[in-house]
There are 2 protein chains.
Amino acid sequence: MARSDAVRNREKVLRAAEAVLGEQGLSARMDEIARRAGVGVGTVYRHFATKEALYQAIVTARVDELLAEAAQLRDSGEPRTAFFTFFTRVVVDAAGKKAYIDALRTAGIDPKAGQAGQAAEMRKAIDDLLREAQQAGAVRPDAALPEILALLRGASMAAETGDYPAGVLDRSLAFLLDGLRPA
Amino acid sequence: MARSDAVRNREKVLRAAEAVLGEQGLSARMDEIARRAGVGVGTVYRHFATKEALYQAIVTARVDELLAEAAQLRDSGEPRTAFFTFFTRVVVDAAGKKAYIDALRTAGIDPKAGQAGQAAEMRKAIDDLLREAQQAGAVRPDAALPEILALLRGASMAAETGDYPAGVLDRSLAFLLDGLRPA
DNA sequence: ATTGAAGTGGAATCCTGATTCCGATTCTAG
DNA sequence: CTAGAATCGGAATCAGGATTCCACTTCAAT
């Protein structure tokens with residue numbers, strides 16, 4: 001039913017939006033996204049009712065990918081590693097993608113919209129990894145989910161901001177994770 | 001020379017702006033600031049050429065306070081504690097004050113405006129505390145300033161965002177700081 | 001090849017604030 | 001107490017962007 005060119009354009013918009021929103025965050029202009037997609041603003045709006053909707057589409061997709069990865073790690077049989085790997089993945093993934101801040105914020109609380117479900121999933125995924133890691137003695141037992149989420153958020157936000165000299169981010173993260181290990 | 005009432009109004013504006021910008025960040029409206037100050041927008045503009053200027057005035061003042069505290073801690077003769085205390089102070093101070101994000105960002109890099117000098121001072125202050133703490137064996141020797149700044153920024157940003165259940169922030173920060181201690 | 005529905009481009013419109021302007025009000029020096 | 005300067009207040013002006021509209025293309029089913 002859907003016209004082939006329409007589908008193609010939708011893709012182009014999505015890709016352009018991902019790039020532009022990633023670089024500039026929510027403050028990016030719809031015009032810019034349209035230009036980069038090689039399309040008129042009107043077309044962008046035909047596919048996504050609003051800037052917010054476009055943004056959500058992108059974030060939702062990305063979070064789904066992360067959730068899939070979390071599931072995979074959970075079943076990897078390496079609980080001691082899985083938690084740290086996922087934590088790192090999220091932070092690295094956030095680096096340079098300003099569009100994530102809100103996603104993380106949402107994961108924290110914010111029962112807004114339908115994304116609430118996704119946020120809950122994310123929390124659960126992290127909680128699972130955390131528990132198993134603690135069970136395996138890889139993470140200090142006094143660390144609870146809320147604290148982990150706060151740290152994850154902080155790390156992600158820091159990673160998104162400014163460009164650090166090579167290695168700084170990795171080392172910072174390493175220190176942070178060390179703080180989560182048993183004494 | 002300056003009219004007494006003008007001085008008073010300037011103060012009112014400053015106080016109101018501090019409150020409003022603290023709660024809502026840069027997105028706060030000038031109208032709101034004026035209303036809270038019990039003054040017309042025009043008056044706000046008579047004292048501060050632009051929203052940015054008003055914002056800078058506030059941040060600059062606050063950072064100066066922090067610098068003073070840093071100096072005091074440096075001379076306290078408690079290097080083992082000073083570093084952690086200051087780190088904590090900055091984060092706690094940032095909690096709920098959305099206006100700081102940018103200040104911290106600036107402290108990171110951003111040679112913008114005259115604030116560049118202040119940013120440099122802040123970096124130096126932290127560096128001093130860090131070195132002494134390491135000298136005293138309270139902080140792992142492989143932690144360098146850039147990493148510390150990244151962590152400080154992340155922690156501050158996380159603290160500013162959303163409201164966490166009581167204690168979460170403190171515990172998160174405790175874990176983070178544990179990661180900076182020698183093994 | 002033909003045609004009406006679906007899709008497109010991008011100028012025009014709307015909205016939301018920041019900033020400007022200026023007549024009305026205080027101050028305060030004399 | 002009085003005049004002139006310094007301030008005020010807040011309506012009017014501007015500007016930046018999101019969103020809407022619609023005449024004009026493209027599709028693709030027939």
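Letters go in sequence order (proteins before strands), and every chain restarts at 1.
For B:R29, a side-chain nitrogen or oxygen approaches OP1 or OP2 of C:dG17 to under 4.0 Å. The phosphate of D:dT19 has OP1 or OP2 within less than 4.0 Å of a side-chain N or O from A:T50. Between B:N9 and the phosphate of D:dC8, there is a side-chain N or O to OP1/OP2 separation shorter than 4.0 Å. Contact between the side-chain N/O atoms of A:S4 and the OP1/OP2 oxygens of D:dC27 is not found at any separation under 4.0 Å. Between B:H47 and D:dT7 there is no side-chain N or O to OP1 or OP2 distance below 4.0 Å. For D:dT7, neither phosphate oxygen OP1 nor OP2 lies less than 4.0 angstrom from any side-chain nitrogen or oxygen of B:T43.
Residue side chain B:R3 does not reach the base of C:dT28 through any donor-acceptor N/O pair under 3.5 Å, judged by distance alone.
Looking only at side-chain heavy atoms (C-beta outward), B:F83 and B:Q134 stay at 4.5 Å or farther from each other.
You'll find that the side chain of A:K51 is closest to D:dA18, out of C:dA11, D:dT7, D:dA18. Of the candidates C:dT19, C:dG10, C:dG9, the closest approach to any side-chain atom of A:V39 belongs to C:dG9.
With A:R89 contributing its side chain and A:T85 its backbone, the two residues share no donor-acceptor pair below 3.5 Å.
Judged by distance alone, the side chains of B:R153 and A:Y164 do bring a donor and an acceptor atom under 3.5 Å apart.
Between the P atom of D:dA18 and the CZ atom of A:R46 lies a distance of 19 Å, rounded to the nearest Å.
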